[in-house]
Amino acid sequence: MRIARFSIDGNVAFGAVEGDKQDELVLDIIKGIPFTDFELSGTKVPLSKVRLLPPVLPNKVVAFGRNYAEHAKELGNEVPDAPFAFFKPSTSVIGPDDAIQYPAFSQELHHEAELAVVIGRMCREVPRDRVRDVIFGYTCANDVTARDVQKREKQWARAKGFDTSCPLGPWVETGLDLATASDLTVQLTVNGQQRQLGSTSEMIHSIEDLIVNITEAMTLLPGDVILTGTPAGVGPLAVGDEVAVTIEGIGTLTNKVVKRG
């Protein structure tokens, strides 16, 4: 099931996305929230009549860096022996078609297409054989990075955590199992030209590795998001660019870069 979060006539709701053709998609409005048992209301609205929002509002976004060997190599970095985590604040999250605001403190903004894992229940110290039980679903992410700031500052808080640096969407796909999610094509285009093309099968540390690793240290809450790393091909973004992340079996997340006002 594809679960979207949207606004219509000033109201915010979740809905199940139905249909196959983009111009014929409809939302069946969900009663309640999707992290607990829920029912479909049967009230349907065309997707074209709503504004899609970030599919979740995470308490925290835990991101893992250098989880694809070729990406680490292209930036001249060593591959870490263990998962390497950092955080993006909730204020960095935006949704489909929202603007990525080019920060005034950077001159080198980069895109990073990533598979995002959405957590479905509160969890801590998750054993490997229970990881699938805590996953709600998967969505597309763009770990937008101020690369020049990342290079000169020891902490990545500003480089990775500025407002609008974490586009998520367009919805959460709940129908993928772990085996399938671990072998999905990930691609990114800028103004229609392909920049990144890889597969989640290229991850150094698996989805299970990442969730086991971070829950050893902290509690994850429903709606929290895990970013699993980016394949090779990262590169610059400019004001006016349209950047699109497409992940097999999930969908396409599109955002435009604008000058921060």
Side-chain angles (χ1 to χ4, degrees), residues 1-62 88-100 113-123 132-142 163-164 166-178 180-181 184 207 220-228 242-256:
M1 182 179 291
R2 293 168 291 176
I3 305 291
R5 181 170 162 270
F6 65 95
S7 66
I8 184 171
D9 298 330
N11 299 308
V12 175
F14 289 94
V17 183
E18 299 178 350
D20 298 316
K21 296 182 179 179
Q22 184 63 34
D23 58 353
E24 297 178 0
L25 297 180
V26 297
L27 290 162
D28 192 335
I29 297 175
I30 288 172
K31 296 180 180 179
I33 60 173
F35 300 112
T36 60
D37 292 336
F38 66 86
E39 296 180 1
L40 298 177
S41 67
T43 301
K44 301 184 180 184
V45 293
L47 188 68
S48 60
K49 299 296 183 181
V50 309
R51 177 192 170 199
L52 286 180
L53 302 173
V56 290
L57 287 179
N59 175 272
K60 53 188 169 293
V61 178
V62 182
K88 295 173 83 80
S90 59
T91 48
S92 69
V93 173
I94 58 174
D97 298 318
D98 288 340
I100 298 168
E114 309 207 6
L115 174 70
V117 182
V118 180
I119 299 300
R121 63 178 65 179
M122 185 170 69
C123 58
R132 67 184 71 250
D133 298 335
V134 306
I135 294 174
F136 176 65
Y138 303 87
T139 192
C140 305
N142 191 347
D163 291 354
T164 75
C166 190
L168 297 174
W171 40 65
V172 178
E173 174 56 70
T174 66
L176 299 176
D177 60 25
L178 263 173
T180 303
L184 297 175
I207 295 169
L220 298 181
L221 302 175
D224 281 352
V225 170
I226 308 293
L227 302 189
T228 58
E242 184 177 84
V243 55
V245 177
T246 300
I247 300 181
E248 178 185 4
I250 299 175
T252 299
L253 167 67
T254 304
N255 302 90
K256 192 168 184 177

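What you see is a predicted model; the values in this text were computed from it and never measured.
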Review point. For the side chain of Thr139 and the backbone of Gly169, is there at least one donor-acceptor N/O pair under 3.5 Å apart?
Key: yes

Review point. For Arg2 and Glu173, which heavy atoms make the closest approach, and how far apart are they?
Key: CG-OE1, 3.1 Å

Review point. For the atom pair SG (Cys123) and CD1 (Ile135), what is the distance rounded to the nearest 0.5 Å?
Key: 9.5 Å

Check your understanding: Tell me, do Tyr138 and Val117 make a side-chain contact under 4.5 Å, heavy atoms counted?
Key -> yes

Exercise for review: With the side chain counted from C-beta on, respond yes when Val225 and Phe136 share a heavy-atom pair under 4.5 Å apart, and no when they do not.
Suggested key: no

Study note, to complete from the structure: Here the pair of heavy atoms bringing Pro167 nearest to Thr164 is CD-O, 3.9 Å

Practice item. Could you pull out the closest heavy-atom pair between Phe38 and Lys31, with the gap in Å? Key: CB-O, 3.6 Å

**Study point:** Heavy-atom closest contact (Gly95 atom, Pro54 atom, distance)
**Key:** N-CG, 3.5 Å

Study note, to complete from the structure: Taken to the nearest 0.5 Å, the spacing of Asp97 CG from Arg51 CZ works out to 9.0 Å

Point to revise | Any side-chain heavy-atom pair of Pro58 and Val93 under 4.5 Å | key: yes

Exercise for review: Supply the atom-to-atom distance Leu221 CG to Arg121 CZ, rounded to the nearest 0.5 angstrom.
Suggested key: 13.5 Å

Review point. Do the side chains of Leu47 and Gln22 get nearer than 4.5 Å, heavy atoms only?
Key: yes

Study note, to complete from the structure: So CG of Leu253 and CD of Glu114: to nearest 0.5 Å the spacing works out to 12.0 Å

Review point. So which heavy atom on Phe35 is nearest to which on Ile119, and how close?
Key: CE2-O, 3.8 Å

Point to revise | Close side-chain approach of Thr254 and Pro96, heavy atoms under 4.5 Å | key: no

Practice item. Would you check, one step at a time, whether the test side-chain contact (heavy atoms from CB on, under 4.5 Å) holds for Asp224 with Val62? Key: CA-CA 8 Å; Asp224 281 352; Val62 182; over 6 Å; no

Exercise for review: Evaluate the side-chain proximity of Leu27 to Trp171: yes if any heavy-atom separation is below 4.5 Å, no if none is.
Suggested key: no

Study note, to complete from the structure: Taken to the nearest 0.5 Å, the spacing of Ile247 CD1 from Leu115 CG works out to 5.0 Å

Point to revise | Side chain Asp163, main chain Ser92, donor-acceptor under 3.5 Å | key: no

**Study point:** Ile250 vs Leu176 side-chain heavy atoms within contact, under 4.5 Å
**Key:** yes

Point to revise | CA sep, side-chain torsions, deciding dist, call: Leu220, Ile226, side-chain contact (heavy atoms from CB on, under 4.5 Å) | key: CA-CA 10 Å; Leu220 298 181; Ile226 308 293; 4.1 Å; yes

Point to revise | Thr246 and Cys140: CA distance, side-chain angles, deciding distance, side-chain contact (heavy atoms from CB on, under 4.5 Å) verdict | key: CA-CA 7 Å; Thr246 300; Cys140 305; over 6 Å; no

Exercise for review: Tell me, with the steps shown, if Asn255 and Asn142 meet side-chain contact (heavy atoms from CB on, under 4.5 Å).
Suggested key: CA-CA 9 Å; Asn255 302 90; Asn142 191 347; 5.5 Å; no

Check your understanding: Rounded to the nearest 0.5 Å, how far apart are CD of Glu242 and CD1 of Ile100?
Key -> 10.5 Å

Exercise for review: Please report the shortest heavy-atom distance between Val245 and Ala113, naming the atom on each side.
Suggested key: CG1-CB, 3.8 Å

